[in-house]
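Both backbone and side-chain heavy atoms feed into the values below; hydrogens, waters and symmetry mates do not. Numbered from 1 within each chain, the chains take letters A, B, ... in sequence-line order.
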Amino acid sequence: MALYSDQVMDHFQHPRNVGKMDDADGIGEVGNARCGDIMRMYIKVDKDSQTISDVKFNTFGCGSAIATSSIATEMIKGKPVTEALKLSNKAVVEALGGLPAYKLHCSVLAEEAVKAAVKDYYDKNGIAYGDELKMDCEHCTACDSHQDAGSKA
Amino acid sequence: MALYSDQVMDHFQHPRNVGKMDDADGIGEVGNARCGDIMRMYIKVDKDSQTISDVKFNTFGCGSAIATSSIATEMIKGKPVTEALKLSNKAVVEALGGLPAYKLHCSVLAEEAVKAAVKDYYDKNGIAYGDELKMDCEHCTACDSHQDAGSKA
Amino acid sequence: MQVYADNAATTAVSKTALDAMLPMLTDCYGNPSSLHTVGQKAAEKLSAARETFAKYLNAQPAEITFTSGGSEADNQAIVSAGAIGEQKGKKHIISTAFEHHAVLHTLKKMEKRGFEVTLLPPPENGVITVEQVKEAIRPDTCLVTIMFANNEIGTIQPIAEIGALCKEKNILFHTDAVQAAGHLHIDVQAMHIDMLSISAHKFHGPKGVGVLYARKGIFLTNVIEGGSQERGKRAGTENMPGICGAAAAFADACEHMDENAAHMISLRDKLLTGLAQIPHSIINGDLKQRLPGNVNLCFEGIEGESMLLLLDEKGIAASSGSACTSGSLEPSHVLLSIGRPHEVAHGSLRLSLSEYNTEKEIDYILAVMPEIVNYLREMSPVWDELEHGQRKHQI
Amino acid sequence: MQVYADNAATTAVSKTALDAMLPMLTDCYGNPSSLHTVGQKAAEKLSAARETFAKYLNAQPAEITFTSGGSEADNQAIVSAGAIGEQKGKKHIISTAFEHHAVLHTLKKMEKRGFEVTLLPPPENGVITVEQVKEAIRPDTCLVTIMFANNEIGTIQPIAEIGALCKEKNILFHTDAVQAAGHLHIDVQAMHIDMLSISAHKFHGPKGVGVLYARKGIFLTNVIEGGSQERGKRAGTENMPGICGAAAAFADACEHMDENAAHMISLRDKLLTGLAQIPHSIINGDLKQRLPGNVNLCFEGIEGESMLLLLDEKGIAASSGSACTSGSLEPSHVLLSIGRPHEVAHGSLRLSLSEYNTEKEIDYILAVMPEIVNYLREMSPVWDELEHGQRKHQI
Ligand SMILES: Cc1ncc(COP(=O)(O)O)c(C=O)c1O
Ligand SMILES: Cc1ncc(COP(=O)(O)O)c(C=O)c1O
């Protein structure tokens, strides 16, 4: 399928780290069903090293939503929490060998899902954090962009 | 060529009575070069029987202009002058097995060419005639009809 | 196994259509406007194609205008009816909320020109009622445009009844018959249809050819200005291979309509019934007033595109109302219009059959679908909660 | 002998084009908007076709919009430029009196919308000068639209110079390159062309496919509203066979442009020189600034259609400026624009060659034409007088 790069298709067809995590240290959920994408990310944090020792995801969404979730988990697994916070949607897109323009919001969701999970972990553990973790829904223009462009044969 | 009926093509390819007549008793010319059709009709009248003993035409114009001239000459040759005057454009069209709609004006020209020739003969011989021979150019809408329809690939 | 089940999007060109096209792509290449034999041979083919469409619609050849597709035909019908209405000071148009975008976006354009548009909301079964139309009619209504059959959920509208009503009220009636033509019987006289749009690639004809039927006396406004082709109503050198292929395909489809429909209906119903067994699924659109080839369901807790990708991996070509590819994140306006919530509408699947599909293919689809739905639901955070009752069931 | 010499009306589809079309009419029948593999294979072909046009025009793929033909491209270019101009309060358009009707009739429509149109009168040689354009420019000029080469008399306009002028004056420049594309070198960058129209069937591609090039940043107004095909700028399922055939034909034409032109020019000049020997004939259009395949003359005292019919009998397919078939009795507006009197313009003949024509064919045409002219002149009441000096000689 030429719509997506080989990397996207690989992550869509063989998603890494998919599933629930019952003893997660942090859980982040972003997106909403109305928009057609929900990502939930679970992280397990090694308290000593403050590294992400395990990560899982559940995603409701299109092919690229699943693929971006999957690669995001790979990109943060084993990394210090502070580094996971630096994961940018751009890095996700690059790692996937590109995304169609109208699918870029999926990479934004993946970035935000990671942040949401870390925030949850910080909140639960009373760790202070800065403004960059104050989620703002306006950041994501997914719901109002392109609305006129759709058509169906 | 499917544009024209077989009869039209026959008369176009083998026009009857084409040529000039030096000793014509009546000559009628209708149409104008601006419009792309000129018909000139020559008649020779047998004074005793008042019948058209010979007829010739010269035409500048399209295929159907030539064909209508040709068939009109056939339709009046040997006929009483009074009967030639009754030649209608409808009869010409029928005899030709039909004409494309935008070529109907050619049949009108043929009818008028005959009338003009008879009128010329009447005038030259001091024969009185009625209103039906008063030519009116408005009769022919050739020049202003369809002007918007043309196009060229 | 390769299964093409996206015939509402487009169909494979039939051998019949191709055979009609090939001469136009080789020997008979003339321009039908040319006087010479090469051109006049093409002109004859053009006339014959026009007569074919006229014949099977019960119309006159002069009422048939060839366009570049269903979209252009829809545009021209609406713009023309609007111009006629405007001259009489009538600037109200009635349509439905689940029309194709070729209609909806043209109506938007008309709104910008000062028209008022009433979009009837379809009932949950996707079949507009004549009463709805009747109630919407105003003294200044100049056009009713209602699709013959819906392209997503396949529901067939009561066209003959709406036609009779419009005739009685002296209002122009256009129907987008792109999904119906070649599949359902159409008689523009009996059904009192004033204008009708067709697209050839929906019945095994080529892409890029449409037909606008417009009853004699209805003055068409050009969408494309220029040469005097199509009685001056649609400029541009005629797409001769396309037009000839379209006519051959249409004749073929109309001649075999009943047998094709019987075949498709049996496959359709098997597929609909089978897929409806999947829990938390719902069929979209009326079961009876339905195109022979249309199957459309929503599966809760999952999203359409990922379903399509997995089906594609299995060799099954299908589509989803989610229209994700076209750059819209909105779920199908059709599914929303019949009352499906956003989250449910996202999980829609359209399988559209043609007479080429076989029962084996249906069995294959029925075999793979449950796995796919389960796999995606397992991955879905929504499903998790739906199953455990933490999230409100939507269906 | 059969001689097709009406290539300006339309051309035979080349083997190359047909070979590119056939897969799209058989296996690769998908809708490029479909997500599945069948659709995405078509989408790849669509991209490749877009890249081909971009490459040979020196443009970007995103600047290429596929349309249903040259007419639609012309319509969309002018309507779009008008809309852009209107927003800036600029409602003056410059064009020429001998444009194709796809341009002229669209300009008429713009006039109805309050635009002012200046139609430059071409000089007798049929080549508009940059000075004419310069003098016509006003502060409120929003568009200059001038054809690349004229379809009847084949004259090539100084496009690069006009482009440079428009760039300097910051005015949009569109050129109808329907007769030029595939025959003359086009570089939209070097020539400062903002918009350009192409029609595939003029260079051995299929009928019913056109291209509108529009420089990045130029907001296009839809002529056809609906789906989001062509970046939302041209709705309707893409004519995939046509588009692929068009791209193959364009690549082929551009790759072999120089050799084809050399061949055609030698035939053209032989034909022009030979026919000009016929008394009371006149060549229309500049001899140098001329399409490689265009031959156009007027023969006094006779009418074009009858000439064509007789040529057709001899197996020669040609055309005349008289456009008699299209229902118009007016002679060609092009010939009138370069100053031919009505009666002379009626007697025009256009022979338009392609690389398929041979020298034998030219010899054959040269052999039969004098007879035909003489035969018709003998039948003509006008000729009689022209010959005997009773009527003023027109040429
Ligand atoms: C100069 C010119 N412009 C536009 C067109 C229109 O192209 P089409 O008929 O393919 O729409 C033609 C030919 O028909 C032409 O010669
Ligand atoms: C109901 C309906 N109307 C109009 C169209 C537009 O047809 P086309 O894409 O051939 O222009 C389609 C399909 O694409 C359709 O399904």
Side-chain angles (χ1 to χ4, degrees), chain C residues 4 6 9-13 18 21 25-26 29-31 33-39 68-72 74-75 100-102 105-106 108-109 199 201 206-209 223-228 235-242 305 308-309 311-312 316-320 324-328, chain D residues 4 6 9-13 18 21 25-26 29-31 33-39 68-72 74-75 100-102 105-106 108-109 199 201 206-209 223-228 235-242 305 308-309 311-312 316-320 324-328:
Chain C
Y4 186 73
D6 200 10
T10 196
T11 56
V13 175
L18 182 58
M21 295 177 77
L25 289 166
T26 51
Y29 56 83
N31 186 325
S33 295
S34 297
L35 260 174
H36 46 66
T37 306
V38 185
S68 68
S71 300
E72 187 186 336
D74 283 339
N75 275 251
H100 190 269
H101 283 125
H105 289 180
T106 307
K108 273 252 173 307
K109 178 160 107 177
S199 189
H201 69 100
K207 297 178 198 12
V209 197
V223 164
I224 301 176
E225 307 274 354
S228 56
T237 303
E238 298 87 346
N239 174 357
M240 291 305 303
E305 192 209 90
L308 296 191
L309 291 173
L311 279 167
D312 190 52
I316 300 167
S319 92
S320 163
C324 222
T325 37
S326 357
S328 170
Chain D
Y4 186 73
D6 199 10
T10 196
T11 57
V13 175
L18 182 58
M21 295 177 78
L25 288 166
T26 51
Y29 57 82
N31 185 326
S33 295
S34 297
L35 260 174
H36 45 67
T37 306
V38 186
S68 68
S71 300
E72 187 186 333
D74 283 341
N75 275 250
H100 189 269
H101 284 124
H105 289 179
T106 307
K108 274 253 172 308
K109 178 161 107 176
S199 189
H201 69 101
K207 298 177 200 6
V209 198
V223 164
I224 301 176
E225 307 274 355
S228 56
T237 303
E238 299 86 346
N239 175 357
M240 291 306 304
E305 192 209 90
L308 296 191
L309 291 173
L311 279 167
D312 190 52
I316 300 167
S319 91
S320 163
C324 222
T325 37
S326 355
S328 169

Query raised in the report: Residues two or more places apart in sequence or in another chain: which of them pass side-chain contact (heavy atoms from CB on, under 4.5 Å) with Val38(D)?
Result: Tyr4(C), Ala317(C), Tyr29(D), His36(D)
Query raised in the report: Nearest heavy-atom pair of Ser34(D) and Asp6(C): which atoms, and what distance?
Result: OG-OD2, 3.2 Å
Report summary line: Closest heavy-atom pair, Gly236(C) versus Ser71(D), reported as atoms and distance to 0.1 Å, is CA-OG, 3.3 Å
**Report entry** Between CG on residue Leu309(C) and OG1 on residue Thr37(D), distance to nearest 0.5 Å
**Finding:** 9.0 Å
Query raised in the report: Which one, Gly39(D), Gly69(D), Ala102(D), leads in non-hydrogen pairs under 4.5 Å with chain C?
Result: Ala102(D)
Query raised in the report: Roughly how far apart are Thr10(C) OG1 and Met240(D) CE, rounded to 0.5 Å?
Result: 10.5 Å
Report summary line: When every non-hydrogen atom of Glu225(C) is compared with those of Thr106(D), the smallest separation belongs to CB-OG1, 3.7 Å
Query raised in the report: Quick one: what part of Asn75(D) sits under 4.5 Å from any heavy atom of chain C, side chain, backbone, both or neither?
Result: side chain
Requested in this report: Could you tell me which of Thr11(D), Asp74(D), Leu311(D) has the largest number of non-hydrogen atom pairs under 4.5 Å with chain C?
Outcome: Thr11(D)
Requested in this report: Give, as side chain, backbone, both or neither, the part of Leu18(D) having an atom under 4.5 angstrom from any heavy atom of chain C.
Outcome: side chain
Query - Selection from Thr26(D), Ile224(D), Val13(D) maximising heavy-atom pairs under 4.5 Å formed with chain C - result: Ile224(D)
Query raised in the report: Quick one: what part of Ser199(D) sits under 4.5 Å from any heavy atom of chain C, side chain, backbone, both or neither?
Result: neither
Query raised in the report: For chain C, which of Gly70(D), Pro206(D), Ala318(D), Gly242(D) has the most heavy-atom pairs under 4.5 Å?
Result: Ala318(D)
